[in-house]
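Single-structure report; data block below.
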Amino acid sequence: MPGTSAQPEAPPPVVSSCLAAAQSQTTLVSKLEALQCHFTWDLEPSKTTFLRLRDMLVDIGTEEGNSWLGHIYNLRGFIQYKLGFTQDAQSFFNKAAEAFRQMRNADDGPWLVVNYGNLAWLHHHLGDQAESEAYLSKVEALMKKHPSPSQDELHAEIYAEKAWTLMKLSTDGELVAGYFQKAIRMQPDMVEWNTSHVLGLASAFKNSNTGVEADVLEKMRVAKEQDPENLYLAVHYLEQRAKKGERVEDETRELAKRVLRNPVSSYSGWKAMQRVYRNYVSHDEAIDLAEEALEHHPDERYLKRCAALTLKWKIFKDRRTQRSMIDRAMIDRAIRLHQEVVTLYPDSSFVKVDLADIYAKSNPAIAEQMYQELLESDLEPADKQLLYNNYARYLKFHQHDQKRSIDYHMKAAAIPHQSYNREHSIKSLERFKYNVRNPMRREIEEFLENLQEP
C-alpha cells in the first residue's frame, strides 16, 4: 500500500541455519581460546625442538609415583599432536587424566583443567565439535567447583603445570619462577613444586664453574630436607657444593649406590652423577659406574647415552692427546656405543656430532665425512651453533687448520643463540686475537667489536 514501508523478508531457513552454525562456531572458538592449556600457551618451537623434547620425556620414563607423570603425559600428547600423530595425542591425554586421578586419589579436581582443555582443543581440530563442547563443559564445571582465589589469578594447579611445561620449552627463567612462586604461595604443602622451582633457579648456573649464588644454594639445601627421596635434587645439590670447593668423593659414592638401586630415569640424576664423578672423583670411576649400570639394565637407551658420553669425556680429557697415546680399546668401545646411541636417538643431531668427535681421535677421514654430511644438513640455529663449535675444535686440534677453525668459531658466535657453545667460540676467538703472529688478528678484532648480543 502507498505510504507503508516494506517489511524486511526473513532469510530462508537454510541461510538461518548457516548463520546459526557460524555463530555457534565463533562462540566455541572464543571459549577454546580462553582456556588455560598447552594449545593456548604459545608453545611454538621448531620441529627439531619438539623431537628433542619428546626424547627427553621418554627418558624420564613412566614409573608410577612420579609426581609429574600427569604433566609428562599432557606434554607428550601435545607434542604428538604438533608432530601430526593425533591418535597418539589422544592416548597420551587420556593417560594424563588417569595419572592425575591416581596421584591425587580423586576422580576430579583442578589438576584436570589443563587436561580437559587439551582434549577440547584436540576434538575441535579433529572436527568433533560435540565432544569439544563436552570437554568445555567439564572445564566450566571444574572451575565452578574449584575456583581460583581471584579473577586475576589462575588456580595453583594451573600455575604449577604451566611453570613445569615452560621449564622444558622456554628460556624465560623469570617467567617460570614467577608461576612456580604463585603456585607455591597458594599451596605451600606441594613439595614437588618447590623442588622443581629450586632446580629451575639452579639451571641458570649450569655452565658456571663456581656454581649457584649463596641464596639459591640455601634454597636447594632446604628443598633437599623437604624432599629427601628426590635423587635428582640430591645429585644436583651435591654438584653445587663441589663447585664451592667441598670434598664430596665419599658422599658421591654413597649417593651413586642409591641411584643405581632406583628405576632408570633421567629424573634419577644419572647424567649429573656422571658429571660429578668426572669432575670431582675420577674419570675411571665414572666409566666403571656407567658400565655397572649397563650390566644391570643392558637395554636402557638412556644409560647407553650416559655411558657413551662418559667415555667421550675420558677420551677428550685433553684434546691435545695424540691418537697414538689413547687407549685403542676404549675408543672402539666408545665408537660402538655411540653408533648404537645414534640408532636409538635417530632425530638427534647432537649424538651424531658426538660420534664424529670420537672418530676424530681414531679415524679423521670418517670424522671429516660425518662433519661434512652434518654441515650440509638442514639444522636449527642452536644445532648449527653446536656443530660449528665442535668442527672448529676438530679443525684446530686434529687438522691443525687455524684459519678454518677461526672461520667456524665466527660462524658459531654469529648465531644469536645464547649457549655454552657460543661462549666457547667467543673465548676461542679472543685467544686467537691476542696471538700477535696471527694474520687474522685484525679481522677477529673487527668481528668481535661488531658482534651483536642475542
Side-chain angles (χ1 to χ4, degrees), residues 171-174 202-214 216 239-240 242-245 275 278-280 283 309 312-323 325-326 349-350 352-354 356-361 364 367-368 370-372 374-376 379-454:
T171 57
D172 191 341
E174 290 187 9
S203 69
F205 300 86
K206 64 181 179 180
N207 294 323
S208 168
N209 292 327
T210 56
V212 299
E213 294 173 353
V216 177
E239 182 179 28
Q240 293 302 328
K243 285 185 176 184
K244 298 297 183 185
R275 194 166 57 241
R278 169 174 64 108
N279 291 328
Y280 305 105
H283 278 84
L309 283 172
K312 179 187 173 183
W313 290 336
K314 169 69 173 178
I315 292 167
F316 280 82
K317 185 179 180 182
D318 185 353
R319 282 185 173 268
R320 297 172 180 79
T321 303
Q322 297 299 314
R323 288 195 297 274
M325 298 171 62
I326 299 172
S349 58
F350 289 175
K352 295 170 187 172
V353 173
D354 287 337
D357 287 346
I358 297 294
Y359 269 122
K361 286 286 190 180
E368 181 65 31
M370 289 190 68
Y371 283 128
Q372 289 304 320
L374 287 164
L375 288 166
E376 292 169 8
L379 299 177
E380 298 294 327
D383 292 3
K384 280 185 182 179
Q385 191 180 68
L386 177 140
L387 174 60
Y388 291 159
N389 175 263
N390 280 49
Y391 189 52
R393 300 190 208 193
Y394 162 79
L395 289 169
K396 178 183 177 182
F397 293 114
H398 299 286
Q399 297 297 334
H400 308 293
D401 189 336
Q402 181 172 281
K403 182 183 184 306
R404 291 180 67 211
S405 177
I406 291 171
D407 288 340
Y408 276 94
H409 274 307
M410 286 181 172
K411 286 176 180 284
I415 294 174
H417 170 70
Q418 193 62 43
S419 70
Y420 167 79
N421 297 295
R422 185 174 190 269
E423 290 303 310
H424 181 273
S425 284
I426 291 173
K427 289 178 181 177
S428 297
L429 290 169
E430 288 172 344
R431 285 194 293 270
F432 280 124
K433 181 183 71 173
Y434 290 121
N435 183 351
V436 294
R437 293 178 294 178
N438 189 338
M440 297 181 68
R441 184 181 178 190
R442 184 57 194 153
E443 183 180 343
I444 295 170
E445 287 179 352
E446 290 179 357
F447 172 83
L448 292 174
E449 286 172 2
N450 296 318
L451 190 62
Q452 300 293 315
E453 287 300 313

Would you indicate whether the side-chain heavy atoms of Asp357 and Val353 approach each other to under 4.5 Å?
yes
Side-chain donor-acceptor pair under 3.5 Å between Glu368 and Gln372, yes or no?
yes
More than 12 heavy atoms of other residues, nucleotides or ligands under 6.0 Å from NZ of Lys427: is that the case?
no
Compare all side-chain heavy atoms of Leu395 with those of Lys403 and state whether any distance is below 4.5 angstrom.
no
Spatial distance of atom CD (Glu213) from atom CZ (Phe205) [nearest 0.5 Å]
4.0 Å
Spatial distance of atom CE (Met410) from atom CG (Leu451) [nearest 0.5 Å]
10.0 Å
Quick one: does Asn207's side chain get under 4.5 Å of Glu423's, heavy atoms only?
no
Decide if the gap between the ring center of Tyr388 and the ring center of Tyr391 is smaller than 6.0 angstrom.
no
Side chains of Asn438 and Ile406 in contact at under 4.5 Å (non-hydrogen atoms):
yes
Full working for salt bridge (charged side-chain N to carboxylate O under 4.0 Å, His left out) between Lys433 and Glu430:
CA-CA 5 Å; Lys433 181 183 71 173; Glu430 288 172 344; 5.6 Å; no
Which heavy atom in Lys384 sits nearest to a heavy atom in Ile415, and how many Å separate them?
CB-CD1, 3.9 Å
Side chain to side chain, His283 and Trp313, heavy atoms closer than 4.5 Å
yes
Least distance between heavy atoms, Asn435 atom then Arg441 atom:
O-CD, 3.9 Å
Taken to the nearest 0.5 Å, the spacing of Ile426 CD1 from Leu448 CG works out to 7.0 Å
Measure across Met370 and Lys352 and return the closest heavy-atom pair with its distance rounded to 0.1 Å.
CE-O, 3.6 Å
Distance, nearest 0.5 Å, that separates CG of Leu374 from CG of Leu379:
6.5 Å
Begin from the C-alpha positions of Phe432 and Lys396 and carry the test side-chain contact (heavy atoms from CB on, under 4.5 Å) through to its verdict.
CA-CA 11 Å; Phe432 280 124; Lys396 178 183 177 182; 4.1 Å; yes
If you apply the rule side-chain contact (heavy atoms from CB on, under 4.5 Å), what do you find for Glu453 with Gln418, and how did you get there?
CA-CA 8 Å; Glu453 287 300 313; Gln418 193 62 43; 4.2 Å; yes
Are any side-chain N or O atoms of Lys411 and backbone N or O atoms of Gln385, one a donor and one an acceptor, separated by less than 3.5 Å?
no
Between Asn389 and Ser425 the two heavy atoms that sit nearest each other are ND2-OG, 2.9 Å
With no hydrogens and no angle check, is any side-chain donor or acceptor of Gln240 less than 3.5 Å from a backbone partner on Val212?
yes
Rounded to the nearest 0.5 Å, the CZ atom of Phe447 sits from the NE2 atom of His409 at a distance of 11.0 Å
Does the side chain of Tyr420 come within less than 4.5 Å of Lys206's, by heavy atoms?
no
Just how far is it from atom NZ of Lys312 to atom NZ of Lys361, taken to the nearest 0.5 Å?
11.5 Å
Specify the closest pair of heavy atoms between Ala412 and Arg422, including all atoms of both residues, with the distance to one decimal.
O-CG, 4.3 Å
Quick check: do His424 and Arg393 have side-chain heavy atoms less than 4.5 Å from each other?
yes
Counting only heavy atoms not in Asn209 (residues, nucleotides, ligands), do more than 12 fall under 6.0 Å from its CG?
no
Side-chain touch Pro364/Tyr394, heavy atoms, less than 4.5 angstrom:
yes
Identify the heavy atoms of Tyr371 and Asn390 that sit nearest to each other, and give their distance.
OH-O, 4.3 Å
Taking everything shown except Glu446 itself, do over 12 heavy atoms lie less than 6.0 Å from its CD?
yes
